[in-house]
2 protein chains.
Amino acid sequence: MSDVASLAGVSKMTVSRVLAGRSASESTRARVQRAIDELGYVADAAAGALSSGRSSFVAVLVPSMSSSNFSDTVSGLTAVLEPQGLELLIGDTDYSLEREERLVRQMLRHQPRCIALTGAQHTEATRTLLARSGVPVVEMWDQPAHPIDMSVGFSNVSAAREMVRYLAGKGHRRIGFIGGASELDWRGLDRLKGYQMEMKALGLGEPRVVRLGDSPITMSHGAPAMTELLERWPDTEAVMCVSDLSAFGAIMECQRRGIAVPGKIAVAGFGNFEIAACCHPTITTVSVDAYGIGRRAGDALLAALADEEGESATHTRRTVKTRIHYGVVERESA
Amino acid sequence: MSDVASLAGVSKMTVSRVLAGRSASESTRARVQRAIDELGYVADAAAGALSSGRSSFVAVLVPSMSSSNFSDTVSGLTAVLEPQGLELLIGDTDYSLEREERLVRQMLRHQPRCIALTGAQHTEATRTLLARSGVPVVEMWDQPAHPIDMSVGFSNVSAAREMVRYLAGKGHRRIGFIGGASELDWRGLDRLKGYQMEMKALGLGEPRVVRLGDSPITMSHGAPAMTELLERWPDTEAVMCVSDLSAFGAIMECQRRGIAVPGKIAVAGFGNFEIAACCHPTITTVSVDAYGIGRRAGDALLAALADEEGESATHTRRTVKTRIHYGVVERESA
DNA sequence: TTGAAAGCGGTACCAT
DNA sequence: ATGGTACCGCTTTCAA
């Protein structure tokens with residue numbers, strides 16, 4: 001920056017101001033810009049952050065980037081935060097709370113302006129870390145009973161119950177559930193819980209649950225899960241799957257066996273992934289606006305940042321909960 | 001850090017050393033660690049980077065994080081780089097070279113140790129920026145004629161040609177191609193080029209190309225593309241699609257119309273996505289090790305970093321090209 | 001093994 | 001509108 005300053009015949013401060021787009025006469029600005037271009041100068045973000053005490057990072061943690069759900073959410077966050085000059089520091093927790101903790105600790109070293117997490121489950125250490133950091137936090141994809149700070153999501157339990165009611169409304173009584181076997185996918189577990197609760201509430205008899213494969217289960221687990229379900233409960237009339245991906249796999253298995261969907265058995269998914277709308281038959285599902293969750297979370301963070309600016313320097317925990325709407329989308333499969 | 005130091009009764013330097021895991025007596029180390037825990041101290045990465053002149057960032061640019069292709073590649077990079085204490089700064093170019101340039105410029109501000117880009121196409125400004133930065137660069141998913149530095153990928157042209165040969169080997173002659181309409185997906189364009197070249201080379205008559213939808217096209221574009229193809233060239237015997245996603249959409253459309261795949265028309269994809277193995281019929285495709293591309297790219301970067309350490313401080317461009325293997329996977333659809 | 005001082009490259013603050 | 005100076009929090013370097 002000194003080089004640029006001397007080449008332009010001004011002080012470092014002026015260069016800094018031009019870069020920040022603050023007060024500067026046109027001629028000065030032009031000269032500085034010319035010097036910058038000539039030298040190929042790129043300002044050092046670390047120095048800036050250190051000096052000003054504020055970085056331009058937003059830490060974002062999702063369980064998996066390969067799930068379209070979460071990559072859509074990240075897109076939403078990007079759409080809102082990037083225009084504000086913020087940069088996303090994206091981490092993939094791989095559905096592990098320990099890994100989440102490790103990543104939070106690491107990202108905190110970069111003094112992020114705010115943090116977006118997925119889910120309501122975190123280790124005690126993570127909570128402590130976050131509390132001490134004092135930055136705005138938003139938890140996405142769930143409705144925590146006791147949010148760390150803000151939340152943007154919906155109740156996976158309620159959404160699953162709604163799907164059971166939908167299937168029951170179609171006249172089905174012997175309804176099964178297909179989900180993953182691990183205990184790490186909290187949203188999947190909530191959907192299972194919702195299924196069980198509503199089955200009981202409606203008096204639909206014993207739950208028929210097949211849990212198979214590491215969560216989150218994906219397309220390839222749908223087929224064996226459907227196979228198992230049909231073996232254990234051959235008279236099953238409908239199945240709800242923890243996600244559209246497993247529903248798709250289940251439906252493909254039915255096609256292979258010549259079992260008509262929904263004629264012989266109805267299959268429903270969850271999430272309204274792209275595949276649900278364009279496979280054959282199309283999949284009845286619960287639509288969730290994953291991109292919208294990202295946008296809303298971004299908005300919430302920006303709002304927190306804004307009134308942090310206004311009031312004291314420290315953010316006061318506010319417990320703002322944003323509820324995301326969802327709904328059953330009726331298609332061909334159920 | 002001063003607080004930690006005084007609480008532990010040592011100097012800042014000792015704290016710094018303990019954090020870096022360097023020489024320190026056991027008792028000192030323990031005391032410092034206790035102080036750190038007590039205060040919930042988290043070292044400031046920006047200050048460290050500024051002072052040491054080296055960050056722990058690796059800049060990674062992919063066209064889209066929602067494509068499983070690229071998210072797998074990012075996973076591969078993570079697997080290799082994270083254990084080395086490096087952190088990925090992930091950017092999504094959205095298939096735009098201008099956006100890539102903007103992101104490169106922004107990421108360069110963080111003084112990344114090295115950079116992974118996707119593809120061989122970049123703006124002139126991006127190349128200049130990269131050259132001036134002097135950090136190791138790896139281009140992924142392609143085999144650039146003139147790599148910026150290193151490359152890890154394969155020829156999409158050759159891979160597409162191989163698929164045409166495979167289809168021709170199955171006795172098909174009237175072979176069509178389904179791809180995206182935009183000019184931004186270079187890998188998709190290369191596959192189209194390969195298709196055209198091999199059709200000509202084998203004397204299979206005029207190419208039958210349907211280009212539809214913003215690249216990269218996805219499942220939902222497969223159906224209308226197949227519809228158009230069948231309208232324009234009803235006697236088509238086989239179709240190769242730019243990716244498994246569009247192949248899937250095309251196959252679903254056939255099912256809807258009662259057209260047997262591969263009986264009446266053979267459909268091949270590209271990429272060996274998960275869906276290709278578990279839909280019905282399963283999709284014949286070209287398998288590419290997306291995760292492996294990430295790992296290899298990570299290895300290449302680490303190697304460059306290592307001998308940068310050894311020799312002079314500046315990295316000498318080396319033009320190391322790593323070729324990734326691919327191959328036709330025969331399944332049911334073609 | 002440990003400590004003191006300098007300085008990394010910017011920005012805040014105050015003065016001009 | 002512009003410049004001077006201190007300082008952000010850490011690591012490097014050198015000395016003890």
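Quick note: numbers below take in every heavy atom, side chains included, and nothing from hydrogens, waters or symmetry partners. Below, chain A is the first sequence line, B the second, and so on; all start at residue 1.
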Taken to the nearest whole Å, CG/B:L19 to C1'/D:dT11 is 12 Å
Rounded to whole Å, CG of A:D3 lies from P of C:dG10 at a distance of 10 Å
Looking at every strand, decide which applies to B:S2 at a 4.0 Å heavy-atom threshold: base, sugar-phosphate, or nothing.
nothing
Query raised in the report: Ring centres of B:F70 and B:W141 under 6.0 Å apart?
Result: yes
B:M1 atom CE is separated from D:dT11 atom C1', nearest whole Å, by 8 Å
Rounded to whole Å, CZ of A:R22 lies from P of C:dC13 at a distance of 10 Å
Answer with base, sugar-phosphate or nothing: what part of the nucleic acid does B:G53 contact at a heavy-atom distance below 4.0 Å?
-> nothing
Considering only heavy side-chain atoms of A:T14, the closest of D:dT2, D:dG9, C:dT1 is D:dT2
Taken to the nearest whole Å, OH/B:Y41 to C1'/D:dG9 is 7 Å
Sub-4.5 Å side-chain heavy-atom contact between A:L77 and A:M140: yes
Closest to the 5' end of DNA chain D, once B:A45 and A:R31 are matched to their nearest nucleotides, is A:R31
Tightest non-hydrogen contact, residues B:D92 and B:P63, listed as OD1-O, 2.8 Å
For this session: Using a heavy-atom cut-off of under 4.0 Å over every strand shown, decide if B:A20 touches base, sugar-phosphate, or nothing.
Result: nothing
Under 4.0 angstrom between B:S16 side-chain N/O and D:dC10 OP1 or OP2:
no
**Item:** Base of C:dG9 paired with side chain of A:K12 (donor-acceptor, under 3.5 Å)
**Value:** no
| message | Are the side chains of A:P112 and A:L89 in contact, using a 4.5 Å heavy-atom criterion? | response | no
| task | State whether B:T28 places a side-chain N or O below 4.0 Å from either non-bridging phosphate oxygen (OP1 or OP2) of C:dT1. | result | no
Between CG of B:D44 and P of D:dC7 the distance, given in whole Å, is 18 Å
Margin query: Distance criterion of 3.5 Å, no angle test: do you see the side chain of A:S51 paired donor-to-acceptor with the base of C:dG10?
Written below: yes
Open item on the list: Distance criterion of 3.5 Å, no angle test: do you see the side chain of A:R17 paired donor-to-acceptor with the base of D:dG3?
Closed with: yes
Of the listed C:dA4, C:dT11, C:dG10, the closest approach to the B:S11 side chain comes from C:dA4
Of D:dA1, D:dG9, C:dG3, the nucleotide closest to the side chain of A:L50 is D:dG9
Between A:E82 and A:L86, is the side chain to side chain contact (heavy atoms under 4.5 Å, CB included) condition met? List the steps.
CA-CA 5 Å; A:E82 212 180 62; A:L86 296 168; over 6 Å; no
note: B:M13, atom CE; D:dA15, atom P; distance rounded to Å ~ 16 Å
Which of C:dT11, D:dA1, C:dG9 is nearest the side chain of A:A47? It is C:dG9
